[in-house]
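Just so you know, residue 1 is the first one in the sequence shown, and it goes up from there. Everything numeric in this text was worked out from a predicted model, so none of it was measured.
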Amino acid sequence: QGLFYLYAFNHAEADRSFKEAIRLDSTCAMCHWGVALGLGPNINRPMSPDSNADAFAYSQKALSLSATTSKMEQALIQALTKRYAENPPEDRSELDSIYADEMRLVSQRYREEIDIATLFVESLMDCMPWDYWLPNGEPRARTREVLAVLDYIAETDPTHPGACHFYIHAAEAVHPDLAT
């Protein structure tokens with residue numbers, strides 16, 4: 001549920017959903033991961049500096065609980081720990097790029113997992129929010145990768161809510177016809 005709220009950019013509801021799951025099971029590593037994920041930047045807003053301490057703490061808590069999770073979940077948790085730093089730089093673009101690079105590796109390792117591919121797409125889009133196209137209408141390098149992964153997802157699951165939402169936003173400025 002929390003992940004679907006994140007796909008819809010309803011971060012407040014995602015936070016409530018993941019925190020309720022933590023209340024029900026405080027040892028749920030992926031629930032802590034979900035809170036941390038939602039506190040990060042997204043294409044509609046940069047990460048609030050006030051959120052960093054919580055995002056870092058939740059990602060570290062997820063890491064501390066990850067021994068009982070699957071290898072795939074451990075990979076997602078490990079990748080997310082690269083997104084946050086205890087004392088982050090004012091310009092967090094390098095952290096966002098490192099996280100996107102980590103998510104690329106996780107997505108390649110678990111290629112059949114559409115949610116992971118979708119999270120990878122979002123991580124790339126977060127590195128260049130609303131700046132996906134060059135003035136001449138050509139896609140930026142990362143945008144080409146975003147569209148290629150979204151095309152792969154569309155072939156596998158054309159109704160995936162996160163991928164559909166991200167496809168619309170990746171294409172709408174210059175090529176809204178691509179998102180149909």
Let's go through Val146 and Val121 carefully: what are the C-alpha distance in whole Å and the side-chain angles of both, what is the deciding distance for side-chain contact (heavy atoms from CB on, under 4.5 Å) to 0.1 Å, and is it a yes or a no? CA-CA 5 Å; Val146 163; Val121 163; 3.9 Å; yes

One pair to check against side-chain contact (heavy atoms from CB on, under 4.5 Å): Leu124 and Met103. What are the steps and the verdict? CA-CA 9 Å; Leu124 286 174; Met103 284 304 299; over 6 Å; no

Under the side-chain contact (heavy atoms from CB on, under 4.5 Å) criterion, do Glu20 and Gln1 qualify, and how do the steps go? CA-CA 11 Å; Glu20 176 62 11; Gln1 179 184 39; over 6 Å; no

Show, in sequence, the C-alpha distance, side-chain angles and deciding distance for His169 and Tyr132, and conclude whether the ring-ring contact (aromatic ring centres under 6.0 Å, His included) test is met. CA-CA 9 Å; His169 292 308; Tyr132 311 121; 8.7 Å; no

Just do the ring-ring contact (aromatic ring centres under 6.0 Å, His included) check on Phe9 and Phe166 with the steps written out, would you? CA-CA 10 Å; Phe9 298 156; Phe166 296 141; 5.8 Å; yes

Yes or no on side-chain contact (heavy atoms from CB on, under 4.5 Å) for Thr27 and Ile22, after CA distance, side-chain angles and deciding distance? CA-CA 7 Å; Thr27 66; Ile22 290 169; over 6 Å; no

Evaluate salt bridge (charged side-chain N to carboxylate O under 4.0 Å, His left out) for Arg144 paired with Glu138, printing each intermediate quantity in order. CA-CA 9 Å; Arg144 280 191 210 89; Glu138 292 295 314; 5.2 Å; no

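Between the side chain of Trp33 and the backbone N or O of Cys28, no donor-acceptor pair lies under 3.5 Å. In terms of modelled atom types and a separation under 3.5 Å, the side chain of Ser70 and the main chain of Glu73 share a donor-acceptor contact. Within the 3.5 Å criterion, the main-chain N or O of Ile43 finds a donor-acceptor partner in the side chain of Trp130. Checked by atom type and distance alone, the side chain of His165 pairs as donor or acceptor with a backbone atom of Tyr7 at under 3.5 Å.
At a threshold of 4.5 Å between non-hydrogen side-chain atoms, the residues Asn44 and Pro129 do not count as touching. Here the side chains of Tyr167 and Ile153 are not in contact, with every heavy-atom distance at 4.5 Å or above. Side-chain contact between Met30 and Ile77: present, with at least one pair of heavy atoms (C-beta onward) separated by less than 4.5 Å. In this structure, the side chains of Lys71 and Tyr110 come closer than 4.5 Å at one or more pairs of heavy atoms. A heavy-atom distance below 4.5 Å is not found between the side chains of Lys82 and Leu95. Between Arg23 and Phe18, every side-chain heavy-atom pair lies at or beyond the 4.5 Å cut-off. In this structure the side chain of Thr143 never reaches within 4.5 angstrom of the side chain of Leu134, judged on heavy atoms. For the pair Leu6 and Glu122, the minimum side-chain heavy-atom distance is 4.5 Å or more.
Neither side chain, Tyr152 nor Asp157, offers a donor N or O lying under 3.5 Å from an acceptor on the other. Between the side chains of Asp15 and Ser17, no donor N or O sits under 3.5 Å from an acceptor N or O.
The neighbour count for Arg111 CZ, taken as heavy atoms of other residues, nucleotides or ligands under 6.0 Å away, does not exceed 12. Counted within 6.0 Å of CD on Glu94, heavy atoms from surrounding residues, nucleotides or ligands total 12 or fewer; the atom is thus considered open.
A continuous path of hydrophobic side-chain contacts links Met125 to Val174 [ILVMFWY only; heavy atoms under 4.5 Å]. Follow the hydrophobic side-chain contacts under 4.5 Å out from Leu3 and you reach Met72 in the same cluster.
A distance of 8.0 Å separates OG of Ser123 from CZ of Arg83, quoted to the nearest 0.5 Å. Atoms OG and CG, on Ser26 and Leu65 in that order, are 7.5 Å from each other to the nearest 0.5 Å. With values rounded to the nearest 0.5 angstrom, Ser97 atom OG is found 10.0 Å from Met128 atom CE. The CG atom of Leu39 lies 11.0 Å from the CG atom of Asp50; values are rounded to the nearest 0.5 Å. Taken from OH in Tyr84 to OH in Tyr99, the straight-line distance is 7.0 Å, to the nearest 0.5 Å. Considering CG of Asn52 and CD of Glu86, their distance stands at 9.0 Å, rounded to 0.5 Å.
Annotation for Gly40 and Met47: closest pair CA-SD, 4.0 Å, computed over non-hydrogen atoms. Of all heavy-atom pairs spanning His175 and Gly137, the tightest one is NE2-O, 3.3 Å. The two residues Leu147 and Ala170 make their nearest non-hydrogen contact at CD2-CB, 4.3 Å. Taking each heavy atom of Ala21 and Cys31 in turn, the nearest pair found is CB-SG, 3.4 Å. Of all non-hydrogen atoms in Phe120 and Ser107, the two that sit nearest each other are CB-CB, 3.9 Å. Across all non-hydrogen atoms, the minimal contact from Ser66 to Gln74 is O-NE2, 3.0 Å.
Under 4.0 Å is where a charged nitrogen must lie from a carboxylate oxygen, and between Arg16 and Glu13 at least one such pair does.
Below 30°, between 30° and 60°, or above 60°: for His160 and Phe4 the angle between ring planes is below 30°, a parallel geometry.
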